[in-house]
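First the structure, in the form of structure tokens, and then the observations on it.
So you know, we letter chains A, B, ... as the sequences are listed, proteins then strands, and number each from 1.
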Amino acid sequence: MKEEERGRKEVVVVLVGPPGSGKSSFAEAVVGGSTAGRHWVRVCQDTIGNGKAGTKIQCLKAASDALKEGKSVLVDRCNLEREQRADFVKLGSTLHADVHAVSLDLPAKVCISRAVSRKGHDGNLQGGKAALVVNRMLQKKETPLLTEGFSRIMCCNDDGDIKKAVDLYNDLGPSDSLPSGVFGQKSKRPVQVGIMKFLKKADASSVETSSGPKLALTEIKPAQQNPLPKQENVEAGFACPMEVEKGLNDKMENEEHAKESDYCDVGSRTLAFPSISTADFQFDLDRASDIIVDTAANFLQKFDNIRLILVDLSEKSRILSLVKQKAAKKSIDSNRFFTCVGDITQLHTRGGLQCSVIGNAANWRLKPGGGGVNAAIYNAAGESLQHATKKCADALRPGTSVVVPLPSTSPLRQREGVTHVIHVLGPNMNPMRPDYLKNDYTRGSKILREAYNSLFENFASIVQSYMGKQNSESGAEKSASGGTSPNDTKMKREDSHGSERMKKHKLFQPIMTAKQQHECTKVNAPNCHDDAMTSSAVPSQTRQVDNKRNDVVTSKTWGSWAQSLYELAMNPEKYKNSDSILETSDEYIVLKDLYPKAKRHILVISRMDGLDSLADVKKEHLPLLRRMHSAGVKWAQKFLEEDAALEFRLGYHSVPSMRQLHLHIISQDFNSASLKNKKHWNSFTTSFFRDSVDVIEEIEQNGSTTTSTDEKVLAMELRCHRCRSAHPNIPKLKSHIAICKSSFPSHLLQKNRLLSSTMHMDRT
DNA sequence: GTTCTAGAAC
DNA sequence: GTTCTAGAAC
């Protein structure tokens, strides 16, 4: 107990590296060499089963036991994929430990040569087999990210780095903690890139080269308050440095040396915010920068002694350079409004910036995830932000914002001193996202302006409430009447609603349920949706006429969510920057499936308007079908060159969920977290999945495909696609298919229905 | 197509 | 108490 009072905190170090990268040596060196009194336990999957290889579950149990006994843990397993690490991160944070990643990024050939040559290895991985395994594993490696929940990530690129890391952990006393952030990463690429999303346009701000004058960038020191036990390691932390404009340096120096009370004060009057709508929502950067500068300038005129910081991850951020130029032109005081390159969730620990309030580019449901700033903030703030948000609002309308006070338990509050998050929803110019404005910049600009105004006004309310509290605590408040700002806070109020806004509960935007929000959007923005996207407002028959589809009459109606592939097929040029698109031709687009149901799962999407599904396919479409098939085979062959262990099927869903004819090319491992339910499984492993070769043959013979395929097969029992054994639920099925080595049913071995590296492939 | 969640199954 | 599914909403 005494130790807890001194602030002792256990650490979970998740080692990340392939066989031969030195994980075990690292773990042993830390366990055996700890000089500072911290008790380390090595949890090694290769030996956890009475000296033999065990399971991840055993490792989790051992780690949990150790933490509960007040020991720190080294997780000695490969942990190369995010999913493999996630449970350990979760365990650590649940048990209030610091969770670190140490990524052993030695060159592949070094790992292979070590793995090949070693004898008597714990995991029995040695000899020639090791080379194959290491190579395969490295292909799947996902670099650890702070957004996964690590508070600290160390990348070791050579033995020297590893030695430094070992020393660091050896010297870590029971009450010491290491600074947060990413250390030693080779690339200068920002660490918090968003989770890859379907067709998410690469953030223009991080791709484009700044056309503006080159910023004078200066590294700033981390804040003094952050205990940094080892200076040399701190320096390593600036492999992806937080940088600010040179002109601010004086300001920062002041901040660092200010008295504690002043220090807090600066922070409590600072709002850091990301650019709204310019990343995933694809709002034009030039227009957005005008609006940011304009709304910020207006706001600063109304309020003195308040500070706004526009934050973006990328050094090459175009939105930052545009805003900087335009702010300079307007002669806005650069001490009160400036731009900052860095991670908005680490402004204090990595940038030394004091900032109590941060803006979040939220989604309308106010849910975590989605990538980008939203994911980063929710990850950094922990679950308590979700709960706190839920208490404040269910949903957000474009152009509005909502203040969420951060609970004191939130890591973002504890580590960074953030007291409030303001969720903002801006206008959307991305057809793949809700409330798409169809390039209507009149409306979009208005909404973006409203969004920033709402953000700033809410921020002002927080500051005023804080000032009011400060003053009443110090007895400086002159009168309680109306609660307007006392003069000594230098806050100026112009509008007549000032006193209204002082009542905190009135400051929030109207809180609506999801349903109300939906209706509200429809009323307020009748032109908001693409007609073809609106499923409820327009009868489906009408839509079919509008859709140039007079010649085709099908009973199928498509929900708004089912339009993505159609939208892509009709306008591929809009998504040309997406990493998900593998190939584009006049006839088809090859796309990585957003939610792959196997290691490799891509779609060949026809671009022919009116061809929604197999039901629409006629003889005249045969050449197209054959070319789509060939494209699929070509990609399958490419994947087989990369991994000869895969096997592929090419086929269509009898009744697809997404509009626009698309051919699935899917590897038969079905090893994917996105494969979650019976429908997923049965849609690829029963008669619901129509092999491309059979579809082509059937059209050749009959002129159309049979329409009798029943969706009932989707509800059938779960059977292994190889040995046909039945399984009670998805998790058990997945465990089975991971080990089933039976050959495929005989009909799949005919007519090239199954493509593998060992088979001769005839192109249809 | 996914997400969310109540309640069934274990 | 936890895991898992199925149905509704989007």
Which nucleotide sits closest to the side chain of A/Ser657: C/dT5, B/dT2, B/dG1? B/dG1
Tell me the interatomic distance from A/Trp558, atom CH2, to B/dT2, atom P, rounded to whole angstroms. 15 Å
Please give, in whole Å, the distance from B/dT3 P to A/Asn677 CG? 11 Å
Measure CD1/A/Ile730 against C1'/B/dT2 and give the value in whole Å, please. 15 Å
Could you give the CD-to-P distance, from A/Gln660 to B/dG1, as a whole number of Å? 14 Å
C/dT5 C1' sits how many Å from A/Trp681 CH2, rounded? 17 Å
Using 30° and 60° as the class boundaries, would you call the ring planes of A/Phe283 and A/Tyr441 parallel, tilted or perpendicular? perpendicular
Do the side chains of A/Asp579 and A/Lys592 get close enough for a salt bridge, i.e. N-O under 4.0 angstrom? no
A/Trp561 CH2 to B/dT3 P: how many Å, rounded? 14 Å
Do the charged groups of A/Glu583 and A/Lys638 touch, with an N to O distance under 4.0 Å? no
Given B/dG1, C/dC10, C/dT5, which nucleotide is nearest the side-chain atoms of A/Tyr595? B/dG1
Taking only N and O in the side chain of A/Lys676, is any of them less than 4.0 Å away from OP1 or OP2 of B/dT3? yes
Would you call the rings of A/His664 and A/Phe684 parallel, tilted or perpendicular, where under 30° means parallel and over 60° means perpendicular? perpendicular
Short side-chain donor-acceptor distance under 3.5 Å, A/His423 and A/Thr389: yes
Nucleotide nearest A/Lys597 (side chain, heavy atoms from C-beta), chosen from C/dC10, B/dC4, B/dG1: B/dG1
Looking only at side-chain atoms of A/Asn729, point me to the closest of C/dC10, B/dG1, C/dC4. C/dC4
Side-chain N,O (A/His680) to OP1/OP2 (B/dT2) below 4.0 Å: yes
Quickly work out the A/His601 NE2 to B/dG1 C1' distance and round it to whole Å. 11 Å
What is the distance, to the nearest angstrom, from the NE2 atom on A/His664 to the P atom on B/dG1? 5 Å
Quick one: is A/Lys734 getting a side-chain N or O under 4.0 Å of the C/dC4 phosphate, OP1 or OP2? no
Indicate, with a heavy-atom threshold strictly under 4.0 Å, whether A/Lys732 touches base, sugar-phosphate, or nothing. nothing
